[in-house]
Protein chains: 2
Amino acid sequence: MMKDFECTQESYAREVLREKGLKSTTQRLAVVHVLHTSRKSLSVGEIHDGVKEMLGATGLATIYRTLEMFEDLGIVKRLHFPDGGRGYAFSQGEHVHHMVCVDCRGVFDFPECPVESFDYASVEKQGFRVKDHFVQLFGQCGKCAEAA
Amino acid sequence: MMKDFECTQESYAREVLREKGLKSTTQRLAVVHVLHTSRKSLSVGEIHDGVKEMLGATGLATIYRTLEMFEDLGIVKRLHFPDGGRGYAFSQGEHVHHMVCVDCRGVFDFPECPVESFDYASVEKQGFRVKDHFVQLFGQCGKCAEAA
DNA sequence: TATTAAATGAGAATGATTTTCAATTAGCTC
DNA sequence: GAGCTAATTGAAAATCATTCTCATTTAATA
């Protein structure tokens with residue numbers, strides 16, 4: 001049992017896992033904590049490192065398994081960088097719409113969803129049924145812009 | 001020399017390659033043709049298969065190299081599927097905004113860019129400088145919806 | 001047609017991700 | 001709290017995609 005890292009997201013994760021009859025293992029809660037602590041989107045390796053820092057040696061496969069499961073459960077979101085790199089961030093709602101700094105890979109929220117206000121009519125005219133959308137803005141965050 | 005597959009996109013590709021002092025090889029033109037022929041976004045493997053069908057044995061590395069170069073040249077766009085899969089489609093403008101059918105992986109254009117009309121002010125208030133954006137809508141195309 | 005830099009092919013190397021399976025653990029029940 | 005059981009983990013092997021290397025070939029130009 002691990003009580004050291006309780007946070008809203010942790011108890012949320014616990015609840016979701018319980019509902020599905022899945023176990024709230026130390027490793028899974030550590031992944032939640034690492035993701036929650038960071039304001040950045042993290043690569044699988046970074047998450048692995050963070051978890052190892054908390055728990056000591058931890059299998060990489062477990063990290064992959066946890067992340068995949070968390071994505072299915074809607075706890076985390078998987079991001080795709082232009083170079084194909086995989087990143088994960090705590091899910092902040094139903095859709096992915098993040099600003100991602102191409103320098104520090106930091107992830108920033110943006111208040112409204114540009115697609116939300118978009119007129120789907122023209123799209124649906126073509127018979128296409130939109131089920132989900134994925135929006136990422138790329139650029140430089142304030143800090144990185146200054147530093148440059 | 002290969003004259004069998006001439007199309008607008010082929011001559012465009014030739015031109016871009018020429019401008020950069022790059023060669024319009026049989027393989028590169030075949031990649032253009034395969035992509036142009038298909039209304040779908042294609043995986044690297046599918047493109048490789050298409051090219052092999054046209055030319056016979058062709059190195060996979062060449063396909064990767066060509067696709068990477070074409071992306072740099074703005075000739076093709078790289079798409080990212082929710083499962084992390086890589087896809088390529090002929091570039092239809094400056095930005096990527098496609099509808100992608102999750103069943104057949106077909107790619108459909110959508111007329112306006114939802115992000116274009118988006119008010120960046122709130123984002124830039126946070127000091128973030130938007131340089132590019134990536135929008136993908138996921139759903140079912142008309143055919144797949146019928147078939148289901 | 002000769003020249004030459006650019007490009008290709010084949011396979012080796014790399015790196016990321018997934019699988020396997022024996023050992024461990026969380027979440028029950030008593 | 002101890003015992004039970006299915007779920008989970010760790011470690012290593014296996015797989016898969018992607019990149020690299022370098023000898024050979026080719027496109028573009030003269």
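Keep in mind that what you see is a predicted model, and the values were worked out from it rather than measured. Chain identifiers are assigned alphabetically (A, B, ...) following the order of the sequence lines, protein sequences preceding nucleic acid strands; residue numbering begins at 1 within each chain.
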**OP:** May I have all residue pairs that pass salt bridge (charged side-chain N to carboxylate O under 4.0 Å, His left out) and include part of residues 17-38 of chain B, sequence neighbours excluded?
**Re:** none
**OP:** Identify, with sequence neighbours excluded, every residue that meets side chain to side chain donor-acceptor pair (under 3.5 Å) alongside A/Glu46.
**Re:** A/Lys40, A/Ser43
**OP:** Indicate the atoms forming the closest heavy-atom contact of B/Ala13 with B/Val32, along with that distance.
**Re:** CB-CG2, 3.7 Å
Separation of [X] atom [atom1] from [N] atom [atom2], in whole Å?
| X | N | atom1 | atom2 | result |
| --- | --- | --- | --- | --- |
| A/Leu55 | C/dT25 | CG | C1' | 14 Å |
| A/Ile47 | C/dA16 | CD1 | P | 14 Å |
| A/Glu68 | C/dA16 | CD | P | 18 Å |
| A/Phe70 | D/dT8 | CZ | C1' | 13 Å |
| B/Leu67 | D/dT19 | CG | P | 10 Å |
| A/Ile63 | C/dT18 | CD1 | P | 13 Å |
| B/Leu29 | D/dT26 | CG | P | 15 Å |
| A/Glu19 | C/dG27 | CD | P | 15 Å |

**OP:** For A/Phe128, enumerate each residue passing the ring-ring contact (aromatic ring centres under 6.0 Å, His included) test, keeping only those at least two apart in sequence or located in another chain.
**Re:** B/Phe108
Original post:
For B/His80, which residues count as a ring-ring contact (aromatic ring centres under 6.0 Å, His included) partner, sequence neighbours excluded?
Top reply: A/His80, B/Phe134
**OP:** Kindly calculate the angle separating the two end axes of the helix from C/dT1-D/dA30 to C/dC30-D/dG1, each obtained from five base pairs, and round it to 10 degrees.
**Re:**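 Rounded to the nearest 10 degrees, the bend comes out at 50°.
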Original post:
Quick check: does any side chain N or O of A/Thr37 sit under 3.5 Å from a backbone N or O of A/His33, one acting as donor and the other as acceptor?
Top reply: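 Checked: pair present.
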**OP:** Enter the distance from A/Tyr88:OH to A/Lys77:NZ here, rounded to the nearest 0.5 Å.
**Re:**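 That separation rounds to 12.0 Å.
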Original post:
Could you run down nucleotides 2-13 of chain C 5' to 3' and tag each one B, S or - for protein heavy-atom contact under 4.0 Å?
Top reply: ---BBSBB----
Please set out all donor-acceptor pairs under 3.5 angstrom arising from side-chain atoms of residues 139-147 of chain B, sequence neighbours excluded.
residue	atom	partner	partner atom	Å
B/Gln140	NE2	B/Asp103	OD2	2.8

Subject >> Short side-chain N/O contact to D/dT18 OP1/OP2 from B/Tyr64, under 4.0 Å >> reply: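 So the side-chain polar atoms of B/Tyr64 do come within 4.0 Å of the phosphate oxygens OP1 or OP2 of D/dT18, strictly under.
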Determine all donor-acceptor pairs shorter than 3.5 Å in which one atom belongs to a side chain in residues 52-65 of chain B; sequence neighbours excluded.
residue	atom	partner	partner atom	Å
B/Thr58	OG1	B/Gly56	O	2.7
B/Thr62	OG1	B/Arg65	NH2	3.4

